[in-house]
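Chain identifiers are assigned alphabetically (A, B, ...) following the order of the sequence lines, protein sequences preceding nucleic acid strands; residue numbering begins at 1 within each chain.
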Protein chains: 2
Amino acid sequence: MIDAEETTTARAAPAAPGLRELKKKQTREAMHRAALELVVEHGYANVTAEMIARRAGVSTRTFFNHWSTKESAILGILTGQSDSVVTRLVPALEELPHREALRQVMRDTLAAVPSDPELRDLKKEVMAREPKLHSISTGNLHTIQNEMVDILTGFLEGEDARERAFVIVQLAFALTRSAFAVAMARGIELTAAFDEVVELYDSGRADI
Amino acid sequence: MIDAEETTTARAAPAAPGLRELKKKQTREAMHRAALELVVEHGYANVTAEMIARRAGVSTRTFFNHWSTKESAILGILTGQSDSVVTRLVPALEELPHREALRQVMRDTLAAVPSDPELRDLKKEVMAREPKLHSISTGNLHTIQNEMVDILTGFLEGEDARERAFVIVQLAFALTRSAFAVAMARGIELTAAFDEVVELYDSGRADI
DNA sequence: TGCACTATTTCAGTGAGTGCAGTTTCTGTG
DNA sequence: CACAGAAACTGCACTCACTGAAATAGTGCA
């Protein structure tokens with residue numbers, strides 16, 4: 001909610017990022033990088049939010065204005081970024097089978113997560129050092145998941161629509177989480193990782 | 001680790017539960033019930049661990065000796081209970097295809113979670129009141145998930161064994177999480193909910 | 001230059017979860 | 001029944017993630 005995409009008075013093409021935007025972006029990158037570095041240096045458990053903030057040159061409060069969680073700063077998942085998932089889901093469901101709609105929305109969302117090539121090696125190190133980060137915690141995704149279930153339920157038929165929706169969303173997030181882990185571990189793009197995971201899933205080689 | 005199953009000097013048939021065991025069980029039930037009641041009364045966010053402990057008549061410290069998380073007390077997931085998942089996985093994988101092995105182990109684990117019929121209505125109320133609890137957070141499951149991935153990787157072949165294992169485990173947990181939510185929302189047994197979810201999954205009606 | 005808007009900061013606070021040291025409560029044994 | 005050893009329970013002090021409110025600084029624009 002905090003970090004909703006600015007409209008910069010125009011709807012598309014944000015031609016002039018503006019000094020403000022630029023600074024914000026820099027600050028974020030600084031925090032993200034600091035988080036990664038510190039985890040490599042000291043290990044996840046020994047890194048505090050304050051340490052990250054300090055290294056990035058901001059106050060602790062500012063840190064939490066950008067990232068809703070210590071973990072999210074490491075993963076680079078911005079607060080509010082996920083709003084778009086929900087917004088995009090309705091139109092997608094209107095013109096595609098739910099299977100494709102969900103996949104597309106999740107993929108697009110991953111595409112929107114900025115991924116600095118410079119940080120890839122750092123991320124690999126993080127993943128090598130911290131198995132705890134392999135599976136991203138559900139954390140603040142609760143809200144989105146529930147909203148997605150609500151929306152999807154409306155598009156499904158039958159008595160058990162809600163349950164089906166719930167399971168589907170859970171599975172979708174399982175794939176997304178996997179994509180995150182794979183992307184970080186291998187240093188590849190999130191979307192590429194997502195495609196790979198989906199391919200594994202579809203081929204039945206990751207069957208359950 | 002704390003709450004590993006006691007052997008009571010004999011291997012099978014725990015004939016004499018003993019006073020100690022009994023009290024422990026009672027205390028746990030009291031905490032679990034208190035947690036549920038308080039959430040219904042005040043909402044998840046407004047319930048503190050201290051409140052639960054106080055109502056159950058134990059110290060806060062004792063509360064955290066039994067439950068690793070406030071959330072786990074509400075859900076009734078005991079600390080250390082999950083060790084058995086890992087223990088059971090190896091033998092299961094040795095005699096079954098991994099698909100069946102994983103399903104069986106997850107199901108058995110759910111079967112081991114005590115579910116008091118008295119609490120079912122309470123749980124329904126909790127689920128109705130708290131959408132946040134619909135999807136159980138990954139929380140302290142990190143460790144188990146990673147161990148499961150390690151084990152499963154050993155049983156798979158090919159270059160991408162680890163990735164496949166990772167996706168499979170993620171999916172397995174997605175189903176398990178769903179089962180939890182369904183069980184609480186509908187007031188049915190965890191295993192029944194699990195079977196139902198798996199049925200949805202297998203039938204392709206919860207496809208993704 | 002001055003005004004509106006927003007990011008940042010400072011401050012004070014809540015509450016989860018942990019380690020430790022000490023005490024109580026049970027259980028098996030002689 | 002007494003007693004030693006093991007669990008479980010407790011109190012305490014502490015760390016740290018995260019939040020709300022109010023003050024402040026920095027930008028973009030007229």
Side-chain angles (χ1 to χ4, degrees), chain A residues 1-10 14-28 30-31 35 38-39 42-54 56-74 78-80 132 137 139-140 142, chain B residues 1-10 14-28 30-31 35 38-39 42-54 56-74 78-80 137 139-140 142-143:
Chain A
M1 296 125 177
I2 287 173
D3 191 26
E5 213 51 37
E6 285 86 8
T7 37
T8 61
T9 63
L19 214 171
R20 194 126 84 191
E21 293 304 303
L22 206 73
K23 268 199 159 184
K24 192 153 76 170
K25 201 180 160 193
Q26 280 174 352
T27 313
R28 279 171 178 174
M31 287 187 274
L38 284 166
V39 168
H42 306 105
Y44 181 76
N46 303 315
V47 173
T48 70
E50 198 191 342
M51 287 164 72
I52 304 174
R54 195 169 298 278
V58 295
S59 72
T60 311
R61 194 61 183 83
T62 298
F63 174 82
F64 282 111
N65 282 341
H66 287 265
W67 318 94
S68 55
T69 295
K70 190 176 87 172
E71 196 194 82
S72 71
I74 296 164
L78 288 168
T79 302
K132 285 178 194 174
S137 66
N140 41 353
H142 281 157
Chain B
M1 296 127 177
I2 287 173
D3 192 24
E5 212 54 36
E6 285 85 9
T7 37
T8 62
T9 62
L19 216 171
R20 189 126 85 193
E21 292 304 304
L22 205 75
K23 271 199 158 183
K24 191 155 76 170
K25 202 179 160 195
Q26 280 174 353
T27 314
R28 277 172 179 173
M31 288 188 273
L38 284 166
V39 169
H42 306 105
Y44 181 77
N46 303 315
V47 173
T48 71
E50 199 192 341
M51 287 165 72
I52 303 175
R54 195 169 297 278
V58 294
S59 72
T60 311
R61 195 60 186 82
T62 298
F63 175 83
F64 283 112
N65 281 341
H66 287 266
W67 319 94
S68 56
T69 295
K70 189 177 85 172
E71 197 193 82
S72 72
I74 296 164
L78 288 169
T79 303
S137 66
N140 41 355
H142 281 157
T143 326

Student: Please name the pair of heavy atoms, one in B/Phe64 and one in B/Ala49, separated by the smallest distance, quoted to 0.1 Å.
Tutor: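 Shortest heavy-atom contact: CZ-CB, 3.6 Å.
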Student: From CG of A/Asn65 over to P of D/dG20, roughly how many Å is that when rounded to an integer?
Tutor: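 Rounded to the whole Å, the gap is 11 Å.
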Student: Please check this pair: side chain of B/Lys70 against backbone of B/Val47, looking for a donor-acceptor N/O pair closer than 3.5 Å.
Tutor: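 Present.
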Student: Between D/dC16 atom C1' and A/Trp67 atom CH2, what is the distance in whole Å?
Tutor: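 The answer, rounded to whole Å, is 20 Å.
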Student: Between atom CH2 of A/Trp67 and atom CG of A/Leu78, what is the distance when rounded to the nearest 0.5 Å?
Tutor: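 CG of A/Leu78 is found 4.5 Å from CH2 of A/Trp67.
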Student: Please enumerate all residues that pass side chain to side chain donor-acceptor pair (under 3.5 Å) together with A/Thr60, with sequence neighbours excluded.
Tutor: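 Side chain to side chain donor-acceptor pair (under 3.5 Å) check on A/Thr60 returns nothing, list empty.
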Student: Which atoms of nucleotides 21-27 of chain C (N or O only) lie under 3.5 Å from a protein N or O atom, and what are those distances?
Tutor:
from: C/dC26; atom 1: OP1; to: B/Lys23; atom 2: NZ; distance (Å): 2.7
from: C/dC26; atom 1: O3'; to: B/Arg20; atom 2: N; distance (Å): 3.3
from: C/dC26; atom 1: O2; to: B/Arg20; atom 2: NH1; distance (Å): 2.9
from: C/dT27; atom 1: OP1; to: B/Leu19; atom 2: N; distance (Å): 2.4
from: C/dT27; atom 1: OP1; to: B/Arg20; atom 2: N; distance (Å): 2.7

Student: B/Lys24 has an atom NZ; how far is it from atom P of D/dC9, in whole Å?
Tutor: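 For the pair B/Lys24 NZ and D/dC9 P, the rounded distance is 8 Å.
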Student: May I ask you to verify if any side-chain N or O of B/His66 is less than 4.0 angstrom from the OP1 or OP2 atom of D/dC9?
Tutor: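 For B/His66, the contact criterion (side-chain N or O under 4.0 Å from OP1 or OP2 of D/dC9) is met.
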Student: Of the listed nucleotides (D/dT19, C/dG19, C/dA7), which one gets closest to any side-chain atom of B/Arg61?
Tutor: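 Of the candidates, C/dG19 comes closest.
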Student: Can you tell me how far P of D/dT27 sits from CD of A/Gln26, to the nearest Å?
Tutor: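 Between P of D/dT27 and CD of A/Gln26: 11 Å.
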Student: May I have the distance from A/Met51 (atom CE) to D/dT15 (atom C1'), rounded to whole angstrom?
Tutor: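 Distance, rounded to whole Å: 13 Å.
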Student: With respect to the side chain of B/Phe64, which nucleotide from D/dC18, C/dT18, C/dT9 is positioned closest?
Tutor: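 Between D/dC18, C/dT18, C/dT9, the one nearest the side chain of B/Phe64 would be C/dT18.
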Student: Could you pull out all residues at least two apart from A/Arg54 that satisfy side chain to side chain donor-acceptor pair (under 3.5 Å)?
Tutor: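 A/Glu50.
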Student: Applying side chain to side chain donor-acceptor pair (under 3.5 Å), can you list everything that pairs with A/Thr27, at least two apart in sequence or on another chain?
Tutor: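 Residues passing side chain to side chain donor-acceptor pair (under 3.5 Å) with A/Thr27: none at all.
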Student: So which heavy atom on B/His42 is nearest to which on B/Met51, and how close?
Tutor: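 Answer, listing the atom of B/His42 first, then B/Met51: ND1-CE, 3.8 Å.
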Student: Separation of A/Lys25 atom NZ from C/dA7 atom C1', in whole Å?
Tutor: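 Nearest whole value for this atom pair: 18 Å.
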Student: Can you check whether A/Ile74 reaches A/Tyr44 side chain to side chain, under 4.5 Å on heavy atoms?
Tutor: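 In short, these two side chains touch, coming nearer than 4.5 Å.
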Student: Grab the CZ-C1' distance between B/Phe63 and D/dG11 for me, whole Å please.
Tutor: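 Answer to the nearest Å: 17 Å.
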Student: Taking CD1 from B/Ile74 and C1' from C/dA16, how many angstroms apart are they, rounded to a whole number?
Tutor: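 Nearest whole value for this atom pair: 13 Å.
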Student: Report the residues that fulfil side chain to side chain contact (heavy atoms under 4.5 Å, CB included) with A/Thr62, sequence neighbours left out, ordered by chain and then residue number.
Tutor: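 Once residues adjacent in sequence are excluded, the partners of A/Thr62 under the side chain to side chain contact (heavy atoms under 4.5 Å, CB included) criterion are A/Val58, A/Ser59, A/His66.
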Student: Closest to the A/Ala49 side chain: C/dG15, D/dA17, C/dG17?
Tutor: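 Output: D/dA17.
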Student: Would you compute the distance between atom NZ of A/Lys132 and atom OG of A/Ser137 and round it to the nearest 0.5 angstrom?
Tutor: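 Nearest 0.5 Å value for the NZ-OG distance: 12.5 Å.
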Student: Report each atom pair, protein N/O against N/O of nucleotides 23-25 of chain D, whose distance is under 3.5 angstrom.
Tutor:
none

Student: In terms of side-chain heavy atoms of B/Thr62, which of D/dT10, C/dT9, D/dA17 is nearest?
Tutor: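 Looking only at heavy atoms from C-beta outward on B/Thr62, the closest nucleotide is D/dT10.
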Student: Nearest heavy atom decides the nucleotide; on that basis, is A/Gly57 or B/Ser68 closer to the 5' end of DNA chain C?
Tutor: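 Comparing both residues, the 5'-ward one is A/Gly57.
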Student: Could you tell me whether B/Thr60 contacts a base, only the sugar-phosphate backbone, or nothing, with contacts defined as non-hydrogen atoms closer than 4.0 Å?
Tutor: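 Touches nothing.
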